[in-house]
Each structure stands twice: as structure tokens, then as C-alpha cells.
Amino acid sequence: MLTTVAVRGYRSLREVVLPFGPLTVITGANGTGKSSVYRALRLLADCGRGEVIASLAAEGGLQSARWAGPDTANRPVELELGYAADDVGYLVDLGLPVPSSSMFDRDPHLKREAVFAGPSLRPASTLVQRDGPTAYRCGDAGGRQELTRSLPSYRSVLTEFADPAQLPELAAVRDRLRGWRFYDGFRADAAAPARRPQVGTRAPRLADDGSNLAAAIQTIIEAGSGAGAEELGRAVAGAFDGASLSVLSTGGLFELQMHQPGMRRPLRITELSDGTLRFLLWAAALLAPDPPSLMVLNEPENSLHPDLIEPLAGLIRGAAARTQVVVVSHSAALTEHLGPERALIELTKRDGATVVAGQGLLDAPAWHWGSR
């Protein structure tokens with residue numbers, strides 16, 4: 001489980017260190033940095049896939065994404081991300097290269113990476129270190145095993161050396177990051193992927209765009225223990241006055257249907273309201289038979305009727321008993337229904353920078369950035 005996430009130099013996040021629990025809610029007024037935290041988590045996940053440079057380029061490059069507050073004049077352009085967990089943690093430092101003749105000289109470079117044990121990066125807890133083109137494994141008593149002296153600045157140590165047999169710590173971090181799932185504002189319009197029949201294959205997790213909704217629901221229904229199917233049935237019946245779901249297979253194409261008491265025929269997926277479809281998408285994501293190690297939900301309450309907030313909260317609480325869940329939300333009702341077991345992080349602004357409300361120096365989790 002992640003215990004700490006730290007971000008420095010990204011948009012309004014001049015420097016934040018966030019404590020995470022099994023169920024964490026990140027809330028705050030509009031413009032306080034909730035979306036920046038969500039996007040920073042996505043950038044961390046992209047490090048495991050080797051896609052962080054492309055993702056930053058899509059945001060306008062490091063110059064656009066960096067913190068632009070008053071203390072940047074004499075500091076190098078850098079963006080630092082990291083997390084600590086109950087086993088191993090990871091830190092990455094991205095910066096701009098020295099100007100050159102390359103047409104890619106605006107791409108951010110991976111300046112530094114570290115995999116470490118414990119709550120924060122320390123010399124004694126470092127397992128693998130990357131400084132510029134040099135990467136090495138740290139041994140007992142300060143010894144080092146060199147991995148390479150020529151690691152390209154656009155390649156991560158996670159993607160180049162994560163061999164489960166030789167470097168299991170790197171493989172563990174890479175696989176964890178690649179497994180994180182992010183769900184953000186499912187489409188529900190007439191052309192939404194979830195409304196189209198799809199070739200049915202077993203789907204232990206809902207796709208990011210919800211395109212395999214029918215297959216994901218059928219997978220929940222057929223899953224071994226049956227607990228997910230029962231929870232799905234209770235959630236749908238409670239939210240929609242005794243309704244139930246079934247999946248129709250026509251020539252291998254799956255289509256979701258809803259059965260409602262008093263209706264002579266089931267409603268097809270194309271007939272469901274936008275709010276109903278979104279609730280079913282959240283249910284399929286949260287009841288995944290093979291949940292990821294981290295599931296991040298961005299404003300799941302959007303476009304839902306107020307009566308659906310409590311059933312949604314019940315699904316989120318159930319998911320948090322099986323995996324770690326982070327909810328980014330400005331809904332007071334959803335936060336209240338998630339109950340006292342959730343960890344609440346309220347963001348606010350101070351001098352243009354995002355800070356955690358009420359967090360002092362002694363309240364923040366232990367964290368150490370190190371240096372280049």
C-alpha cells in the first residue's frame with residue numbers, strides 16, 4: 001500500500017507531501033490543485049510504462065507544466081515525483097537538457113531516479129540509483145554494482161533493467177506503476193464506447209474508457225466466489241428500484257441490458273440515461289474481480305443524481321476493502337457517505353501554491369528529496 005505521495009515543481013504543486021491510506025479522499029475548492037494531484041499520479045504511473053516524457057510533451061512540455069511561482073528564478077527547471085509504500089518506494093527527477101542541435105532538445109530528461117526501502121529516500125535505504133547516464137545497484141555497507149554508464153536520458157531505469165530475477169525491486173516498482181488504474185469522467189453520449197456492442201472477452205478490469213463494460217459485468221457475474229455478483233446485484237437493485245442486469249451475446253458481441261420491475265422487456269444499453277450508464281460504469285470499475293494495487297477516481301459524482309451518491313459511496317467503501325482507492329472530489333455528500341474510515345486531504349492555496357489545509361512541518365509524512 002502507498003503511504004506517501006510527494007510532488008515538487010508541478011503546476012500549482014510547489015511542494016506537497018500527501019499521506020495516503022486504504023481509502024483517501026482529496027478535496028478542496030475549485031482551483032486548489034486537485035486536478036494537478038490527479039495528473040501527477042498519472043505521470044508517476046507513466047514512469048512505469050516509459051511514457052512520462054510523451055505525457056509531459058502532451059501538456060506543453062516541462063516549461064509549461066512546471067511550478068511558475070516566485071522562487072523559480074534561481075532554480076533549475078525540474079519536476080520531482082515520488083511515493084513511499086510499505087515495501088519499496090520510487091523517486092524521479094526530470095529536468096531540461098543542455099541546449100543542443102537536436103530537434104528534441106526541449107524534451108525533459110530523466111536526471112535522477114531512485115528505488116528505496118522505508119518511508120523516504122536515504123543513502124542507507126537506497127536500493128537502485130540513477131544519476132544522469134549512470135545507474136547502479138546499492139549493496140550492503142555502501143557497495144555499488146554498476147548497471148550502466150550510458151543510460152539515455154529518455155529511458156527509465158525501470159524499463160531498461162527491471163528484471164524480476166536480477167533486480168526484483170525494480171520489477172516490483174515497474175509492475176506496480178503499470179497496474180494503477182485511473183477513471184475520469186466516463187463518456188455517456190450516444191456514441192460513447194460503453195454503448196456500443198463489443199466482442200466479448202473475459203475482462204477482470206474495466207477499460208479506462210468503459211468500452212468493455214458488458215464483458216466486465218459478465219466477468220463479475222461469473223467470478224469464482226460470487227461475492228462481486230451479489231454486491232453488484234444489491235447495488236443495482238438499491239439504486240434503481242429493484243432493477244437487475246444481464247448480458248446479451250449475439251454472435252460473440254456482448255451488450256448490457258437492464259431489467260426493471262413492471263417493464264415487459266429489458267432496456268438496451270442505448271436506452272439508458274447518461275446518469276444510469278455512468279453509475280454502471282463506476283460499479284464495474286469498483287467491483288473488478290482482479291483489482292489493481294491502486295485505483296484513482298476523479299470526481300466520480302459528476303452527472304449523477306443525488307440519490308445515487310450513497311450507493312456509489314457504498315461501492316467505493318467495498319472496493320477499499322480489497323485494494324487502495326484514492327477519490328478526488330469536491331462533493332461534500334460523497335465525502336460524508338464514505339464514512340469516518342476514509343483519510344481526508346483538503347487542499348487549499350497559499351501564495352499561489354497548493355498546500356494541505358492544517359498540515360504543519362511536524363504533521364507531514366517523512367520525506368527526503370535528495371539532490372542531483
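Computed from a prediction, not measured in an experiment: that's the story for all the values here.
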Novice: Between S153 and H109, is any side-chain donor less than 3.5 angstrom from a side-chain acceptor?
Specialist: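 Yes, because at least one side-chain N or O of S153 sits under 3.5 Å from a partner of the opposite role on H109.
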Novice: Distance only, no hydrogens: is a donor on one side chain within 3.5 Å (strictly under) of an acceptor on the other, for S211 and Q198?
Specialist: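 Absent: no donor and acceptor within the cut-off.
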Novice: According to side-chain contact (heavy atoms from CB on, under 4.5 Å), who are the partners of A216, at least two apart in sequence or on a separate chain?
Specialist: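 A203, L206, A284.
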Novice: Got a sec, which residues hit salt bridge (charged side-chain N to carboxylate O under 4.0 Å, His left out) with E271, two or more places apart in sequence or on another chain?
Specialist: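 E271 satisfies salt bridge (charged side-chain N to carboxylate O under 4.0 Å, His left out) with R265 once adjacent residues are dropped.
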Novice: If a pair satisfies ring-ring contact (aromatic ring centres under 6.0 Å, His included) and one of its residues is in residues 307-329, list it, with sequence neighbours excluded.
Specialist: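 Every candidate ring-ring contact (aromatic ring centres under 6.0 Å, His included) pair involving residues 307-329 fails, so no pair, neighbours aside, qualifies.
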Novice: Which donor-acceptor pairs under 3.5 Å do the side chains of residues 252-264 make with protein atoms, sequence neighbours left out?
Specialist:
residue : atom : partner : partner atom : Å
E255    : OE1  : R268    : NH2          : 3.3
E255    : OE2  : R268    : NE           : 2.9
E255    : OE2  : R268    : NH2          : 3.2
Q257    : NE2  : S246    : OG           : 3.3
H259    : NE2  : S246    : OG           : 2.7

Novice: Indicate whether any N or O donor in one side chain lies under 3.5 Å from an N or O acceptor in the other, for T276 and S273.
Specialist: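 Yes, side-chain donor-acceptor contact under 3.5 Å.
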Novice: Between Y90 and E113, do the side chains contain a donor N or O and an acceptor N or O under 3.5 Å apart?
Specialist: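 Present: a donor and an acceptor within the cut-off.
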Novice: Checking Y38 now: which residues fulfil ring-ring contact (aromatic ring centres under 6.0 Å, His included) with it, not counting sequence neighbours?
Specialist: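 Only F182 meet the ring-ring contact (aromatic ring centres under 6.0 Å, His included) criterion with Y38.
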Novice: Do R278's NZ or CZ and the ring of F186 fall within the cation-pi criteria of under 6.0 Å and 45°?
Specialist: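 Cation-pi check for R278 and F186: fails.
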Novice: Any ring-ring contact (aromatic ring centres under 6.0 Å, His included) involving residues 303-348? Give me the pairs, sequence neighbours left out, ordered by first then second residue.
Specialist: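 Listed by first then second residue: nothing to list.
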Novice: Should we count CD of E341 as having more than 12 external heavy atoms under 6.0 Å?
Specialist: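 Result for CD/E341: enclosed.
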Novice: Just wondering, are more than 12 heavy atoms of other shown residues or ligands nearer than 6.0 Å to CZ in R155?
Specialist: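 Atom CZ in R155 is not crowded, with 12 or fewer foreign heavy atoms closer than 6.0 Å.
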Novice: Transitive ILVMFWY cluster of F116 at side-chain heavy atoms under 4.5 Å: who else is in it?
Specialist: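 V17, L91, L121, W367, W369, listed by chain and number.
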Novice: Which residue pairs pass the side-chain hydrogen bond (donor to acceptor under 3.5 Å, both in side chains) test with at least one member in residues 182-191, sequence neighbours excluded?
Specialist: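 The answer is D184-N298, R187-D189.
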Novice: Applying salt bridge (charged side-chain N to carboxylate O under 4.0 Å, His left out), can you list everything that pairs with D87, at least two apart in sequence or on another chain?
Specialist: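 Salt bridge (charged side-chain N to carboxylate O under 4.0 Å, His left out) list for D87, sorted by chain: R176.
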Novice: Taking the side chain as everything from C-beta on, heavy atoms only, tell me whether Q359 gets closer than 4.5 Å to P19.
Specialist: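 Q359 reaches P19 side chain to side chain.
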Novice: List in chain and number order the residues that pass ring-ring contact (aromatic ring centres under 6.0 Å, His included) with F240, two or more places apart in sequence or in another chain; answer none if no residue qualifies.
Specialist: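 Here the qualifying residues are F279.
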Novice: So, applying side chain to side chain contact (heavy atoms under 4.5 Å, CB included) with F20, which one of T3, V325, V326 is it?
Specialist: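 Single pass found, and it is V326.
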Novice: Applying side-chain contact (heavy atoms from CB on, under 4.5 Å), can you list everything that pairs with R11, at least two apart in sequence or on another chain?
Specialist: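 Testing R11 for side-chain contact (heavy atoms from CB on, under 4.5 Å), a comparison that skips the adjacent residues, returns S36, R39, E59, A65.
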Novice: If the condition is salt bridge (charged side-chain N to carboxylate O under 4.0 Å, His left out), which residues does D208 pass it with, not counting sequence neighbours?
Specialist: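 Counting only residues at least two positions away or on another chain, D208 forms a salt bridge (charged side-chain N to carboxylate O under 4.0 Å, His left out) with R181.
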Novice: Side chains of T32 and T348 only: does a donor on one sit below 3.5 Å from an acceptor on the other?
Specialist: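 Checked: T32/T348 side chains show no N/O donor-acceptor pair below 3.5 Å.
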